[in-house]
J.: 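Okay, handing you the structure first.
Excluded from the calculations below are hydrogen atoms, water molecules and symmetry mates; all remaining heavy atoms, backbone and side chain alike, are included. In this text the structure is predicted, and so the values were computed from the model without any measurement.
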Amino acid sequence: LAAFGLTLSASSEAMAQKISEKSVRTLMQYALSYTPDRFTGADGTTVHINRKDPEAIKKLMVPLKKAEEAVLAGRLAAHARVCGLFDEEKNTFISFVLREKQSKQWTPQQIIYLRSLFYTTEMLMVGKVQVIQRDDGGKKVVIKEGKPAIKSCTDQQRTKVKDLVTNYIKAGPDLKQAEAAGSVPA
């Protein structure tokens, strides 16, 4: 994932580029370890995820193309965060989750997994999550304590990121309408 690192010194167009299949698959595995066993939404509904059952894991996984979309959206949110565009960061997440819920093609467990994939990507990029090698040769994802090591961006980069987020959000569901309907994810 070295090529996945967060650098805004290069052109911000890099955010619109594809990410390698290997990186997406690796992030999918990291996100799986970060996916909770249960999640209770704002409406009080609890979703249970059995990460110990291989069949349940197969059902949880989303197609690579959809995982790539989650990774790219998480990466865009990370760039917004680095540039201090916190409302844009939040709205990127909301737009992503609303798109997936409104598509009606995912189970509640898959929505939680997609949220985890988005957040794992974002947190890895801003340095809030790290991957640690286990004694058995495997890897685990852990949350770093304290503030993330946020880098900075130039005014030009901030403007470019804001434009990219604006375009991303415009291409999705109307956030104000979703908020009025009470369907904005927490």
J.: Please answer whether the main-chain N or O of I112 pairs with a side-chain N or O of S116 as donor and acceptor at a distance below 3.5 Å.
T.: yes
J.: Using a 4.5 Å cut-off on heavy atoms from C-beta on, say whether the side chain of L32 contacts that of L60.
T.: yes
J.: Any donor and acceptor pair, going by atom type alone, linking the side chain of S95 with main-chain N or O of N91 inside 3.5 Å?
T.: no
J.: Given K58 and E55, is the salt bridge (charged side-chain N to carboxylate O under 4.0 Å, His left out) satisfied, shown in steps?
T.: CA-CA 5 Å; K58 283 182 189 176; E55 286 304 311; 3.4 Å; yes
J.: Salt bridge or not between R25 and E21? Use side-chain N to carboxylate O under 4.0 Å.
T.: yes
J.: Can you list everything that forms a side chain to side chain contact (heavy atoms under 4.5 Å, CB included) with E69? Sequence neighbours excluded, please.
T.: K65, K66, E100
J.: Please assess I94 against L98 for the test side-chain contact (heavy atoms from CB on, under 4.5 Å), listing each intermediate value before the final yes or no.
T.: CA-CA 6 Å; I94 291 169; L98 283 174; 3.8 Å; yes
J.: Could you walk me through whether T45 and T40 pass the side-chain contact (heavy atoms from CB on, under 4.5 Å) check?
T.: CA-CA 5 Å; T45 303; T40 303; over 6 Å; no
J.: Are any side-chain N or O atoms of Y30 and backbone N or O atoms of T121, one a donor and one an acceptor, separated by less than 3.5 Å?
T.: no
J.: Verify side-chain contact (heavy atoms from CB on, under 4.5 Å) between E122 and F93, making sure each step is shown before the conclusion.
T.: CA-CA 10 Å; E122 181 182 3; F93 170 75; 5.8 Å; no
J.: Under 3.5 Å, is there a donor-acceptor pair between the side chain of Q110 and the main chain of V62?
T.: no
J.: Can you tell me how far CZ of F96 sits from CG of L72, rounded to the nearest 0.5 angstrom?
T.: 10.0 Å
J.: Testing the basics here: between C83 and V161, what is the closest heavy-atom pair and its distance to 0.1 Å?
T.: SG-CG2, 4.0 Å
J.: Under 4.0 Å between a Lys/Arg side-chain N and an Asp/Glu carboxylate O for D163 and K160?
T.: no
J.: Does CD in E179 sit with more than 12 non-hydrogen atoms of other residues, nucleotides or ligands closer than 6.0 Å?
T.: no
J.: Do you see a donor-acceptor pair shorter than 3.5 Å between the side chains of R99 and S103?
T.: no
J.: Are the side chains of K162 and E88 in contact, using a 4.5 Å heavy-atom criterion?
T.: yes
J.: Please check this pair: side chain of R81 against backbone of E89, looking for a donor-acceptor N/O pair closer than 3.5 Å.
T.: no
J.: Does F118 form a side-chain contact (heavy atoms from CB on, under 4.5 Å) with T92? I'd like the steps, not just the answer.
T.: CA-CA 10 Å; F118 178 103; T92 300; 4.2 Å; yes
J.: Enter the distance from T35:OG1 to M28:CE here, rounded to the nearest 0.5 Å.
T.: 10.0 Å
J.: Give a yes or no answer on whether the side chain of Q29 reaches the backbone of T26 with a donor-acceptor pair at less than 3.5 Å.
T.: no
J.: Nearest 0.5 Å please: distance from the CZ atom of R75 over to the CG atom of L124.
T.: 13.0 Å
J.: Looking only at non-hydrogen atoms, find the nearest pair between V24 and A67 and report the distance.
T.: CG1-CB, 3.7 Å
J.: Kindly compute the distance separating OH (Y113) from OG1 (T120), expressed to the nearest 0.5 Å.
T.: 8.0 Å
J.: Mind checking whether I49 and F39 have side chains closer than 4.5 Å, heavy atoms only?
T.: no
J.: Side chains of K101 and V97: closer than 4.5 Å at any heavy-atom pair?
T.: yes
J.: Just to verify, which of H48, R51, K52 counts as forming a side chain to side chain donor-acceptor pair (under 3.5 Å) with D37?
T.: R51
